[in-house]
Amino acid sequence: GTVVRFAVVKPGIDDAGPLVLVLALALATTVPRVAGAGAVSGGGVSQMLSGTVNSLLACIGQSIEPKPLAEVKAQLFVDKAKLEVIAKALTGEMQSGLNRNSDSSLKMLPSHLTGSPNGQEKGDFLALDLGGTNFRVLKVTLEGNGKYSVDAGKFKVEESIMTGPGKDLFAFIAQKIKEQVPEAVDAPEPLPMGFTFSFPVEQPTLDSGTLVNWTKGFTCAGVEGQDVVAMLKKAIADEKLNIKVTALVNDTPGTMLAGAYTDPSVCAGLILGTGTNMCYMEKVAKAPKLQATSAVNKLPSVVTWNQPPHLGGHSGHIINMEWGNFGAGSSHESLPWSAYDAIVDRQSPNPGSQLFEKIISGMYLGEITRLAVTDLISKEVCFQGQAPKLFLSPGEFNTELMAFIEGSSSTSQIQERLKQHGVTDASQRDCSILKSVCTAVSTRAARVSAAGIASIARRIDRVHDCTVAVDGTVFLKYPHFSDRMTATLREMLGKNMGVRFTTASDGSGVGAALAAATVA
């Protein structure tokens, strides 16, 4: 009888169709015999072949990626060359922001923190953390040896407060402090407090700061241009709380301090959650804005960096980059900007600002995905060309749902979760395409984030030994996000690169307490 031989191959998508046709023709022209069992009837063979070929064709059809989906993924893909463009542009904006009177998209704000904890600090401190849709009041006990304990109360900041008068925001904060720390009412001694305020501030001293502009959806009137510590102190006094606010800290330097308390090798801090920001220890010698006026035109010698009149009398200073605004102005061309990013930016409360944040942070990833999926639906690639309600309104498809879909191990898990959002007829193909778009959006965010970190590691000459303290739900909870960042850093810096991440969960609260401890 005729012998049909099969070779096991791994064809690309373009090769799969021809392979199946060749296989079908080969089978169709043969009538195999089963040893010892006589001939198989021609009709039986035809039926067998028909079923086999149809199954193979169906399998191949499922594996061929629709052209519109491939185009969406191409828009969102960032290759190594583009990563280097991002890193180079960020480095230039950093130096520009450290110069005096620059027009950089990066504010590069001095934090007035000139050192890191050593892990031996001790004492009880209060901390406040306002940086997004949740506000926290914390009692922090520093125990020494890098250990601490936290008793925290968490409160939701309603949209009406986020967009209402500023005095109402601070009155809300003071009321929650009173609930969490009742012993502060008419306390005999003032209780020291650190205040983590995760928005751009101009900070002339450690215990004062003027809000430059709101981000993350906050638009409270009467706060921009004002000292937020003074506003908090007034609200605290109105509630008769004996609390002394001793330090104002952005959540990113706060996370760096908290990380350094448990790991002294920490040299930078990263927030990657609802919003995003980065800080690091900068050398005063490389930052004209950190130097006294007399040092601008003629740089002093190395010997004088640790002497007055130079700022703080220190050689190092933690810089709050406010890197979420990278890409504004002339640096925009360096970003991997898609048609979906343009829509997100145009519909945001701050068009043209916080462009880096709009590519990588949790507030926007779900919306980018929603826009890409609705684009595919309009081209009848998925959901039979009919958009479910989940994809019709901005904000409905959020990053939390996106993370669940990407982390799901089966189609049925995705289908069940979609049913909870009113999508009752999602097919296996729909779920596969949806997951593919989620992966493309989140992978881009991870790679772009890593490009920023690579830029900083190079600037401070810590490519082979750089520990970054990290907080934020995107980094901590989004499936595969941190692994993709590490892989991208290795791609850019080499396989022997030494950039590592250490989680500083609750870092913004503990960091505020540590900042307060430095002046207690």
Side-chain angles (χ1 to χ4, degrees), residues 13 64-87 89-90 272 276 324 326-327 331-348 354-379 381-383 387 390-391 394-408 414 429-454 474-475 478-489 491-492:
I13 292 297
I64 296 176
E65 187 174 80
K67 184 178 179 181
L69 175 59
E71 291 171 346
V72 166
K73 292 168 68 174
Q75 271 201 74
L76 298 169
F77 179 69
V78 186
D79 61 16
K80 184 180 178 182
K82 186 62 175 180
L83 294 173
E84 292 294 350
V85 169
I86 295 168
L90 185 67
L272 197 47
T276 184
F326 173 59
S331 61
H332 174 72
E333 292 183 0
S334 64
L335 294 181
W337 203 244
S338 73
Y340 315 117
D341 300 308
I343 297 172
V344 167
D345 180 48
R346 187 167 60 248
Q347 295 179 345
S348 72
Q354 299 298 115
L355 301 186
F356 197 59
E357 181 171 80
K358 288 169 182 172
I359 288 177
I360 68 176
S361 78
M363 179 172 280
Y364 302 100
L365 297 182
E367 181 62 9
I368 296 169
T369 301
R370 185 190 73 84
L371 290 168
V373 172
T374 55
D375 185 17
L376 292 174
I377 292 172
S378 71
K379 297 172 181 175
V381 174
C382 53
F383 295 101
L390 176 63
F391 298 102
E396 286 294 318
F397 187 91
N398 58 31
T399 304
E400 181 182 0
L401 177 56
M402 176 184 169
F404 177 88
I405 290 170
E406 190 169 342
S408 297
I414 298 174
R429 174 185 171 87
D430 295 333
C431 293
S432 175
I433 290 172
L434 181 56
K435 186 171 184 176
S436 183
V437 175
C438 290
T439 301
V441 172
S442 66
T443 298
R444 182 185 68 158
R447 287 175 67 78
V448 171
S449 301
I453 294 172
V474 171
F475 181 90
Y478 197 101
H480 316 301
F481 202 95
S482 60
D483 291 339
R484 289 169 183 158
M485 287 181 67
T486 298
T488 303
L489 284 163
E491 181 181 342
M492 295 183 70

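The residues of the chain are indexed from 1 along the displayed sequence. When reading the values below, keep in mind they use all heavy atoms of this one structure, side chains included, and skip hydrogens, waters and symmetry mates. On a predicted model such as this, the values are computed, not experimentally measured, just so you know.
- Closest approach of K73 to A440, counting heavy atoms only: CG-CB, 4.2 Å.
- At a threshold of 4.5 Å between non-hydrogen side-chain atoms, the residues V448 and F326 do not count as touching.
- Considering all non-hydrogen atoms of both residues, L355 and G327 come closest at CD1-O, 3.3 Å.
- For S442, the side chain to side chain donor-acceptor pair (under 3.5 Å) partners are E406, R484, not counting sequence neighbours.
- Note that the OG1 atom of T488 and the NZ atom of K80 stand 11.0 Å from one another [nearest 0.5 Å].
- Although no hydrogens or angles enter the test, the distance criterion places a donor-acceptor pair under 3.5 Å between the side chain of Q75 and the main chain of A339.
- Here the CG-CD distance, from L371 to Q347, works out to 6.5 Å after rounding to the nearest 0.5 Å.
- Under the 4.5 Å side-chain criterion, counting only non-hydrogen atoms from C-beta, T276 is not in contact with V474.
- Atom CG in D375 sits 8.0 Å away from atom CD1 in I343 (nearest 0.5 Å).
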task = Show your working on side-chain contact (heavy atoms from CB on, under 4.5 Å) between F356 and S331 and close with a plain yes or no.
result = CA-CA 10 Å; F356 197 59; S331 61; over 6 Å; no
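- Across all their heavy atoms, L83 and A451 have their closest contact at O-CB, 3.7 Å.
- Here F77 contributes atom CZ and T443 contributes atom OG1; the two are 9.5 Å apart, rounded to the nearest 0.5 Å.
- Under the 30°/60° scheme for interplanar angles, the aromatic rings of F383 and F391 are found to be tilted.
- Residues satisfying the ring-ring contact (aromatic ring centres under 6.0 Å, His included) criterion with Y340, sequence neighbours excluded, are absent altogether.
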key: side-chain contact (heavy atoms from CB on, under 4.5 Å) assessment of L76 paired with S338   = CA-CA 7 Å; L76 298 169; S338 73; 4.2 Å; yes
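- How far CG of D79 is from CD of E491: 8.5 Å, rounded to the nearest 0.5 Å.
- For K82 against P336, the heavy-atom pair with the smallest separation is CE-N, 3.9 Å.
- Residues passing the side-chain contact (heavy atoms from CB on, under 4.5 Å) test with T486 are R490, M497, F501, sequence neighbours excluded.
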inquiry  = Pair S436, L69 - check side-chain contact (heavy atoms from CB on, under 4.5 Å), show working.
reply    = CA-CA 9 Å; S436 183; L69 175 59; 4.1 Å; yes
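- Of all heavy-atom pairs spanning P66 and R429, the tightest one is CG-NH2, 3.3 Å.
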key: Stepwise side-chain contact (heavy atoms from CB on, under 4.5 Å) check, V381 with V72   = CA-CA 12 Å; V381 174; V72 166; over 6 Å; no
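- Nearest approach of I360 to L272, heavy atoms of both residues: O-CD1, 3.8 Å.
- Under a 3.5 Å cut-off, the side chain of T399 and the backbone N or O of G366 do form a donor-acceptor pair.
- Checked against D341 for a salt bridge (Lys or Arg N to Asp or Glu O under 4.0 Å), the options R444, R346, K358 give a single hit: R444.
- When atom types are taken as modelled, the side chain of K379 and the backbone of T374 share no donor-acceptor pair closer than 3.5 angstrom.
- Taking a 6.0 Å sphere around CD of E400, one finds it holds 12 or fewer heavy atoms contributed by other residues, nucleotides or ligands.
- Taking CE of M402 as the reference point, atom CD1 of I368 lies at 7.5 Å (rounded to 0.5 Å).
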